[in-house]
Amino acid sequence: MTPASHPRGRILVLFSCKGGVGTTFLTTQLGCLLALRWQLKVLVIDGVHPFGDAALMLSPSEPKATLGDLLHHPERFDEALLESALLWPQPRLGVLAATEHPLLDGTLPRDGWPAILEAARSRFDCVLVDGGRAMDARMMALLRVADCLLPVLQTTLPMVRDGRRLLSALIAQGIDPLRILPILNRVNALDEPHPKTLDRALGTHIVHHIPEDAALVRECITGGYVLWYQAPFHPISQSLIALARTLIPAPEPMGNPPRGLLQRWWKKQWRWNPQHL
Ligand SMILES: Nc1ncnc2c1ncn2[C@@H]1O[C@H](COP(=O)(O)OP(=O)(O)O)[C@@H](O)[C@H]1O
Ligand SMILES: [Mg+2]
């Protein structure tokens with residue numbers, strides 16, 4: 001499909017009010033899922049500054065240019081420059097790496113965002129941005145144009161309180177609540193408050209819960225695995241599939257994970273894990 005005839009891709013931004021809640025893990029795994037199972041052309045943009053690591057989780061290669069290079073030189077920006085900056089860990093999955101130098105780049109200008117997002121959505125079916133935890137003017141400029149805002153929350157008390165503050169602040173800024181789809185990550189059914197208690201505390205109904213499995217997620221990150229590909233029946237994969245179905249109003253997925261021994265081994269792994277019984 002030529003860029004001219006490509007329908008506008010959806011822009012989805014994952015972000016959080018604290019670091020370490022799983023924003024990057026979920027952005028990268030969701031990107032892989034949409035590219036492999038949904039067969040969509042997906043771009044993951046690492047918008048975290050400083051110290052973004054989404055590209056590192058997806059590809060061992062060094063990028064030729066980063067988001068910082070594109071934002072700092074809006075006068076030079078065009079679609080060819082965007083294309084030349086991308087890494088391609090999968091044929092349908094492009095990655096725009098985060099700004100490299102934490103100090104030299106200083107505060108990133110926000111005026112370059114609209115051109116980059118326009119170019120990205122005209123070439124990709126879906127643009128996933130890892131927004132990290134910054135709640136500044138640059139982030140708001142991004143959130144205003146996004147089709148769906150995905151704040152990643154956890155169930156700890158400080159996180160619930162900050163999550164409520166974050167959601168109220170976004171609505172006070174004029175963001176349509178229907179565009180906000182909070183995700184609760186690292187849900188461990190054994191020691192969680194009741195979902196209704198959480199909904200009341202957060203002031204909204206949270207539909208998407210991603211279960212906790214520290215060992216598997218660690219293995220996935222260090223090994224650079226696509227979780228859905230390696231463990232399609234794991235509860236985290238299944239929750240990500242349910243989330244993707246909500247986000248992408250497209251026909252049923254076409255791609256399939258490998259079958260046979262590998263799949264059976266993984267099925268056994270999580271069935272034998274008492275946490276998932
Ligand atoms: N569902 C999960 N279950 C267990 N561990 C998780 C889960 N999601 C994320 N983690 C862990 O949380 C840590 C932080 O994840 P990361 O995606 O880097 O967070 P952030 O981008 O919000 O700082 C990672 O080390 C990862 O292993
Ligand atoms: Mg991160």
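Bear in mind the structure is a predicted one, so any value in this text is a computation, not a measurement. Order of listing sets the numbers, starting from 1, for every ligand and every atom in it.
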The protein heavy atom nearest to atom 8 (N) of ligand 1 is Asn185 ND2, 2.9 Å
Quick note on ligand 1: atoms under 4.0 Å from a heavy atom of Gly22 include exactly 9 (C), 15 (O), 16 (P), 17 (O), 19 (O), 20 (P), 22 (O)
Numbered in order shown, the ligand 1 atoms found under 4.0 Å of a heavy atom of Val21 are 19 (O), 20 (P), 22 (O)
Looking only at distances, please establish whether an N/O atom of ligand 1 is found under 3.5 Å from an N/O atom of Thr23.
yes
Ranked by distance from atom 27 (O) of ligand 1, the top protein heavy atom is Val217 CG1, 3.4 Å
Thinking salt bridges, do Lys196 and Asp199 make one under a 4.0 Å N-O criterion?
-> no
- Query: Would you say ligand 1 has an N or O under 3.5 Å from any N or O of Asp53?
  - Reply: no
Test: Arg10 and Asp125 ion pair at under 4.0 Å:
no
Among non-hydrogen protein atoms, atom 23 (O) of ligand 1 lies closest to Gly20 N, 2.7 Å
Looking only at protein heavy atoms, what sits closest to atom 18 (O) of ligand 1 is Met57 CE, 4.1 Å
If you compare Gly19, Pro211, Cys17 by their heavy atoms, the one closest to atom 1 (N) of ligand 1 turns out to be Pro211
Using modelled atom types and a 3.5 Å cut-off, is there a donor and acceptor pairing between side-chain atoms of Asp69 and backbone atoms of Thr66?
yes
for atom 7 (C) of ligand 1, nearest protein heavy atom and its distance come out as Arg186 CG, 3.6 Å
Exercise. Ion pair present between Asp147 and Arg121, side-chain N to carboxylate O less than 4.0 angstrom?
Worked result: yes
- Task: Please find out if the Mg ion (ligand 2) and some N, O or S atom of Thr23 are separated by less than 2.8 Å.
- Result: no
In His234, Arg218, Arg186, the residue satisfying side-chain hydrogen bond (donor to acceptor under 3.5 Å, both in side chains) with Asp213 is His234
Counting from 1 in the order shown, the ligand 1 atoms closer than 4.0 Å to a non-hydrogen atom of Glu212 are 3 (N), 4 (C)
Nearest non-hydrogen contact to atom 25 (O) of ligand 1 from the set Leu240, Thr222, Ile221 belongs to Ile221
protein heavy-atom neighbour closest to atom 17 (O) of ligand 1 works out as Phe25 N, 2.8 Å
Result for side chain to side chain contact (heavy atoms under 4.5 Å, CB included) between Ile236 and one of Asn185, Ile241, Val217, Leu26 points to Val217
In Leu87, Ile45, Val129, the residue satisfying side chain to side chain contact (heavy atoms under 4.5 Å, CB included) with Leu96 is Ile45
**Request:** Determine whether more than 12 heavy atoms belonging to other residues, nucleotides or ligands lie under 6.0 Å from atom CZ of Arg133.
**Result:** no
Ligand 1 to Thr24, heavy atom cutoff 4.0 Å, flagged ligand atoms 17 (O), 21 (O)
the protein heavy atom lying closest to atom 3 (N) of ligand 1 turns out to be Asp213 N, 3.1 Å
key: Backbone N/O of Pro235 and side chain of Ser239: donor-acceptor pair under 3.5 Å   = yes
From the list Leu166, Asp130, Leu150, side chain to side chain contact (heavy atoms under 4.5 Å, CB included) partner of Phe15 resolves to Leu166
